[in-house]
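First up is the structure itself, then whatever we jot down about it.
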Amino acid sequence: MVQISRRRLLQKAGATTIAATGIAGCLGQGGTSLDSVTVAYVPIYPNMQHYVMEQEGYYEDVPTDVTIERFSSGPSVVKAFASGDVDVALFGITPAMVLVDKGTDASILAANSRNGFKIMGTTELVDRYEQEGAAAFERFEEEHGRKVRFGAPPDGSVPDIVLRYWIQEDLDVGETKSVIDKSKVPPAKAVQTIQSGDIDATIIQEPFATVIGQDDGFGKLAWSGNILEDHPVTVLFANQQVLDDSEVAQSLVEQHVAATEFTADSPGAAAAHAASVIGSGVSEDLATAAMNSQASEFFSNPHAITDQAATMGEFVANVGNIEDPVATENLFAFDPYDAIQE
């Protein structure tokens, strides 16, 4: 049964981390029934299902005690997951690949989002790219005496991988570092950084792409859905203890699917939920406006991302973030999703 009183007590106390006296993911007396799970999330727009599940109370229908923990970045979740402090995570597919590659017994239960980035740049760069295509980068460097300055999340993140794929595979203009000057800029700081003139372009998810696009000084260079069609962004990832408890695993996926349906049916309400949790200057109006973006696509079916996950995995291995591409059967656990389709 869900220990709602304990969960609500934690929320009212402002706690989003594991209780000091509790053990995340501990096994029940039967050996296959979980007493509790800790769900980690990174507060980014592509994790829309989590905000709906939390604010609409869907986690309360999962047959175990659910504790929610917020992390600032994918790498911090990877560290917590690897140490056993986290049982379930909503974060990028590339961190999931890293964990499986390192031998963590865990799999993807559901997709969250795909095609979720826009590459935004100054109007000068956008106009140049529209006229000259891939040659725009070389021409820019010739005229300005420097490479185009790109802001992106940390190396190995999904947007970083998509950016490098765009430069190296789609445009085929050489190694990323020889074409652009890339610096680490967190998504929440991308708007301020590009508007201040510190960078010329960035790869960014919603709702920040919408903010940049509203400024006359900037425009869209490319959409990630055209770079690597139907590429996954974030996923619902669970450890082996959760997978072994089929009731919990199936319930998590069932609530995830319900959240996807809620988002499709009530986008305004879903956006409001996202804004209330994400913070970082993400207003309800902004979150709602971003729902109309081509970079806002939310769904649950894990089968829909396997092909592009394989393509991304090969590239992630090629650039050195994982040893070898992770086989589909090792990266995904389809049974819980398939069970609720019957």
Side-chain angles (χ1 to χ4, degrees), residues 40-47 50 69-83 85-86 89-102 104 106 108 112-114 116-121 147-169 175-194 196 198-209 212 222 224 227-228 231-235 237 278-282 295 309 312-323 325-326:
Y41 75 98
V42 179
I44 56 176
Y45 198 77
N47 285 332
H50 166 73
E69 188 166 358
R70 178 179 177 128
F71 286 81
S72 61
S73 66
S76 61
V77 180
V78 168
K79 183 177 180 180
F81 209 111
S83 65
D85 293 332
V86 169
L90 294 97
F91 63 170
I93 192 169
T94 48
M97 291 177 181
V98 169
L99 282 164
V100 175
D101 178 66
K102 292 183 179 297
T104 303
I108 295 169
N112 292 349
S113 54
R114 62 185 173 192
F117 304 104
K118 290 182 180 179
I119 299 178
M120 308 295 291
K147 297 181 178 68
V148 173
R149 298 168 303 182
F150 245 97
D155 285 354
S157 64
V158 181
D160 169 66
I161 292 300
V162 173
L163 174 61
R164 288 196 274 177
Y165 189 93
W166 183 54
I167 297 290
Q168 298 177 202
E169 303 295 327
E175 292 293 321
T176 301
K177 63 182 180 181
S178 70
V179 179
I180 63 173
D181 182 9
K182 184 165 68 74
S183 60
K184 185 171 69 174
V185 177
K189 294 184 178 180
V191 175
Q192 177 184 354
T193 305
I194 197 170
S196 68
D198 292 334
I199 56 175
D200 307 297
T202 185
I203 181 166
I204 192 69
Q205 72 257 16
E206 293 296 351
F208 304 115
I212 296 172
S224 64
I227 295 170
L228 190 58
H231 72 85
V233 180
T234 58
V235 295
F237 191 65
I278 295 173
S280 300
V282 178
M312 289 181 71
E314 291 178 5
F315 187 74
V316 172
N318 288 340
V319 298
N321 291 109
I322 57 178
E323 290 293 329
V326 181

| So do the side chains of F117 and H231 get within less than 4.5 Å of each other, counting heavy atoms only? | yes
| Going through the checks in order, is the side chain to side chain contact (heavy atoms under 4.5 Å, CB included) test met by L163 and I180? | CA-CA 11 Å; L163 174 61; I180 63 173; 4.1 Å; yes
| Looking at side-chain heavy atoms only, is the closest gap between K102 and V78 below 4.5 Å? | no
| message | Measuring only between side-chain heavy atoms, which start at C-beta, is M97 closer than 4.5 Å to N321? | response | no
| Can you find a pair of side-chain heavy atoms, one from E206 and one from K118, that are under 4.5 Å apart? | yes
| query | How are the rings of F237 and F81 set to each other: parallel, tilted or perpendicular (split at 30° and 60°)? | reply | tilted
| message | In the structure I gave you, are the side-chain heavy atoms of I212 and I194 within less than 4.5 Å of one another anywhere? | response | yes
| query | Does I119 reach the side chain of I227, with side-chain heavy atoms less than 4.5 Å apart? | reply | yes
| task | Calculate, to the nearest 0.5 Å, the distance between atoms CG and OG1 belonging to D160 and T176 respectively. | result | 8.0 Å
| field | K189 side, atom NZ; S196 side, atom OG - distance, nearest 0.5 Å | value | 12.0 Å
| Distance, nearest 0.5 Å, that separates CZ of F91 from OH of Y41 | 15.5 Å
| query | Crowded around Q192 CD? As in, over 12 foreign heavy atoms under 6.0 Å? | reply | no
| message | Would you compute the distance between atom CD1 of I204 and atom OG of S224 and round it to the nearest 0.5 angstrom? | response | 11.5 Å
| task | Quick one: closest heavy-atom pair of V100 and A106, and the distance? | result | CG2-O, 3.5 Å
| Taking C-beta and beyond as the side chain, do F315 and Q168 meet within less than 4.5 Å on heavy atoms? | yes
| Between I203 and V162, does a side chain to side chain contact (heavy atoms under 4.5 Å, CB included) hold up when you go through it step by step? | CA-CA 9 Å; I203 181 166; V162 173; 3.9 Å; yes
| task | Identify the two heavy atoms, one from V77 and one from A40, that lie closest to each other, and give their separation to 0.1 Å. | result | CG1-CB, 4.2 Å
| message | For A190 versus T202, what's the shortest heavy-atom pair and its separation? | response | CB-OG1, 4.0 Å
| said: Test your reading of the model: is there a side-chain donor-acceptor pair from R164 to the backbone of K177, 3.5 Å cut-off? | reply: no
| query | Backbone N or O of P46 within a donor-acceptor pair of the T234 side chain at under 3.5 Å? | reply | yes
| S157 and P154: which non-hydrogen atoms are nearest, and at how many Å? | OG-O, 2.7 Å
| query | Charged N to carboxylate O under 4.0 angstrom, R149 versus D181? | reply | no
| query | What's the shortest heavy-atom distance between P232 and M312, and which atoms? | reply | CD-SD, 3.6 Å
| field | Trace of the side chain to side chain contact (heavy atoms under 4.5 Å, CB included) decision for W166 with L228 | value | CA-CA 8 Å; W166 183 54; L228 190 58; over 6 Å; no
| task | Would you confirm whether D101, through its side chain, and E323, through its main-chain N or O, come within 3.5 Å as a donor-acceptor pair? | result | yes
| When rounded to the nearest 0.5 angstrom, what distance separates OG in S113 from OH in Y45? | 11.0 Å
| request: Please report the closest heavy-atom contact between S178 and K147, naming both atoms and the distance. | output: O-CE, 3.1 Å
| query | Under the 3.5 angstrom rule, does the side chain of T104 hit a backbone N or O of A82 as a donor-acceptor pair? | reply | no
| task | Indicate yes or no: at least one non-hydrogen side-chain atom of N112 is less than 4.5 angstrom from one of V233. | result | no
| query | Does T94 reach the main-chain N or O of G156 with its side chain, forming a donor-acceptor pair under 3.5 Å? | reply | yes
| Does the N47 side chain pair with the main chain of V42, one donor and one acceptor, at a distance under 3.5 Å? | yes
